[in-house]
Number of protein chains: 2
Amino acid sequence: MSRPDQGADPDSPEGRGGAASVLPAAPAGGGRGSLDRRRVLGAAVEFIDHEGLHALTMRRLGAYLGVEAMALYRYVPSRENLLDGVVEAVVDELYGDPDVHLAASHGWQDYLQRLAHGVRRIALAHPEVFPLVATRPPAAPWVRPPLRSLRWVESFLDALLDSGFTEASAVAAYRAYSSFLLGHLLLEVSQKGVRISPEDQADGVPQAVATTDLGEYPTVVRLEPLLSLDESAAEFEEALENLLERLEVVRREGRTPRRGDSRS
Amino acid sequence: MSRPDQGADPDSPEGRGGAASVLPAAPAGGGRGSLDRRRVLGAAVEFIDHEGLHALTMRRLGAYLGVEAMALYRYVPSRENLLDGVVEAVVDELYGDPDVHLAASHGWQDYLQRLAHGVRRIALAHPEVFPLVATRPPAAPWVRPPLRSLRWVESFLDALLDSGFTEASAVAAYRAYSSFLLGHLLLEVSQKGVRISPEDQADGVPQAVATTDLGEYPTVVRLEPLLSLDESAAEFEEALENLLERLEVVRREGRTPRRGDSRS
DNA sequence: ACCTGAACACCGTTCAAGT
DNA sequence: ACCTGAACACCGTTCAAGT
């Protein structure tokens with residue numbers, strides 16, 4: 001059950017840390033000081049980190065900030081917009097990550113490695129927010145989660161184009177990379193115990209499994225110890241490495257991937 | 001704005017089909033006949049398919065069935081349980097898919113191909129439901145979306161064990177396969193235009209992109225035609241094929257995948 | 001300029017009462 | 001046995017009113 005991630009627990013005992021890095025040095029949660037959009041969004045991230053997404057209501061967020069819910073509408077036009085802002089705030093944390101800089105990296109594979117690990121660190125730092133990052137529709141349909149912002153798409157494509165990818169294969173690589181990140185991180189985060197459903201699973205989790213007749217699933221029962229093992233970190237590395245190798249083949253051959261490539 | 005009201009195309013042209021295959025021959029939506037859990041869940045799936053997930057409330061689902069909301073609580077203990085039931089009903093459609101049968105397939109690769117395509121068909125048939133399939137926590141943390149049910153996990157593992165996978169590599173394959181399916185299908189479905197947010201994006205979508213200064217992202221602007229191309233189907237095939245080839249290497253070598261495999 | 005009180009339309013859910 | 005009416009505690013959101 002030990003957490004594999006590097007980088008969680010940034011450098012201090014601030015507890016769950018998280019959004020703190022993107023917030024002003026000013027008092028965070030229910031602290032004083034006048035409100036502004038940034039403080040509202042930061043408080044929302046903290047609130048979701050601690051209480052879960054399902055607990056976030058305008059009224060409770062207001063109370064968390066020491067204010068009536070109606071006051072929030074001065075900084076946020078709607079709850080939906082608030083959630084979009086939360087996603088943006090969390091993704092923005094990546095901008096401050098010194099490990100994820102195109103300039104600082106050695107080649108496109110190194111850059112994609114750093115970027116993937118940066119996104120993973122964010123996902124693990126905000127497991128309750130990540131499903132939102134993963135499922136909120138982005139600005140345009142071709143800007144895909146979890147990168148989500150034009151800035152990262154631009155940076156990604158530039159890195160690949162500079163390294164000899166054709167335009168078509170750079171775009172194909174972007175799609176494959178997005179799918180990989182989304183699938184892996186969404187499952188990893190939910191495995192760590194996000195409670196998307198309200199609190200109806202107070203008794204732990206295995207409720208539904210316990211009431212099922214396990215006798216019909218002997219293989220699952222036998223392999224349960226293996227299935228329960230958390231190998232997320234190693235699996236992430238392995239799948240990422242494999243993807244990068246696959247992309248390198250595409251890059252060398254200078255074209256869009258086609259079926260059956262690796263057979264020739 | 002048009003209300004779906006009761007009896008949206010009761011039985012005439014099957015419309016989008018979808019859940020119909022798993023429902024009784026009886027009238028589906030707002031038709032008559034006494035309620036039961038199956039009819040309630042089937043109506044919920046139809047409702048979400050037509051109106052979107054955000055529109056589903058107990059009161060509106062009641063109205064869709066020609067009944068007060070309170071009547072639903074005889075068949076469904078809570079809204080959360082209703083959503084779980086919706087997910088289950090949609091996944092259950094896979095059971096009726098004649099293309100997805102272990103017995104009918106030729107080898108484990110063929111089986112995983114059929115299974116993946118079966119899940120993809122369901123995702124595309126119910127794009128508004130699929131995010132729920134993807135993000136609702138399953139019964140146990142090691143039963144992963146989007147397969148979600150012990151029955152499919154059992155079937156998956158059996159197929160691989162019978163084909164010479166070790167227990168550890170069968171489990172690793174299950175994890176890799178789940179991540180792949182989840183990532184690809186979630187992005188494909190959301191690209192097709194799911195509106196998870198309410199209706200605030202009535203003006204199409206590009207609102208946020210239009211208000212952004214695109215001048216800072218020349219590469220994205222230049223590659224926009226490529227980025228907008230929908231290559232989902234081909235990309236799905238290609239990534240699936242690649243995954244299966246990767247698993248074949250693991251199977252032949254009879255061990256859990258490790259980093260750097262394909263290099264040796 | 002910034003926040004609040006009161007109000008509106010809507011939720012999920014409970015329960016006594018109807019048929 | 002199955003459904004409804006009324007009620008409760010809670011939502012998001014608007015707006016006139018307070019300071």
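Chain A is the first sequence line, chain B the second, and so forth, proteins listed ahead of strands; every chain is numbered from 1. Here the structure is a predicted model, which is why all the values come from computation and not from measurement.
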What are the two closest heavy atoms between A/E154 and B/V220, and how far apart are they?
-> OE1-N, 2.8 Å
Those residues that, when tested against A/W142, pass ring pair (Phe, Tyr, Trp, His ring centres under 6.0 Å) (two or more places apart) = none
From CG of A/L72 across to C1' of D/dG12 the rounded distance in Å is 11 Å
Residue set satisfying salt bridge (Lys or Arg N to Asp or Glu O under 4.0 Å) with B/R120, at least two apart, ordered chain then number -> B/E188
NE2 of A/H54 versus P of D/dG12: gap in Å, rounded?
-> 13 Å
Length of the CD-C1' vector between B/E80 and C/dT13, whole Å = 13 Å
Just jot down the salt bridge (Lys or Arg N to Asp or Glu O under 4.0 Å) partners of B/R121, sequence neighbours excluded, or say none.
-> B/D97, B/D99
With sequence neighbours left out, write down each residue that passes salt bridge (Lys or Arg N to Asp or Glu O under 4.0 Å) with B/R175, or none if nothing qualifies.
-> A/E235
Kindly confirm or rule out a cation-pi arrangement of A/R151 over A/Y95, judged by NZ or CZ under 6.0 Å from the six-membered ring centre and within 45° of its axis?
-> yes
Taking NZ, NE, NH1 and NH2 as the nitrogens, is one of them in A/R136 or A/E80 under 4.0 Å from a carboxylate oxygen of the other?
-> yes
B/E93 and B/H126: side-chain donor and acceptor closer than 3.5 Å?
-> yes
Strand DNA chain C as a dot-bracket string - pairs counted if Watson-Crick or G-U with both distances under 3.5 Å, | where the partner lies in another strand | ||.|||||...|||||.||
Heavy-atom contacts, protein to nucleotides 2-9 of chain C, under 4.0 Å, summarised as B (base), S (sugar-phosphate only) or - (none) per nt, yield BBBBBB--
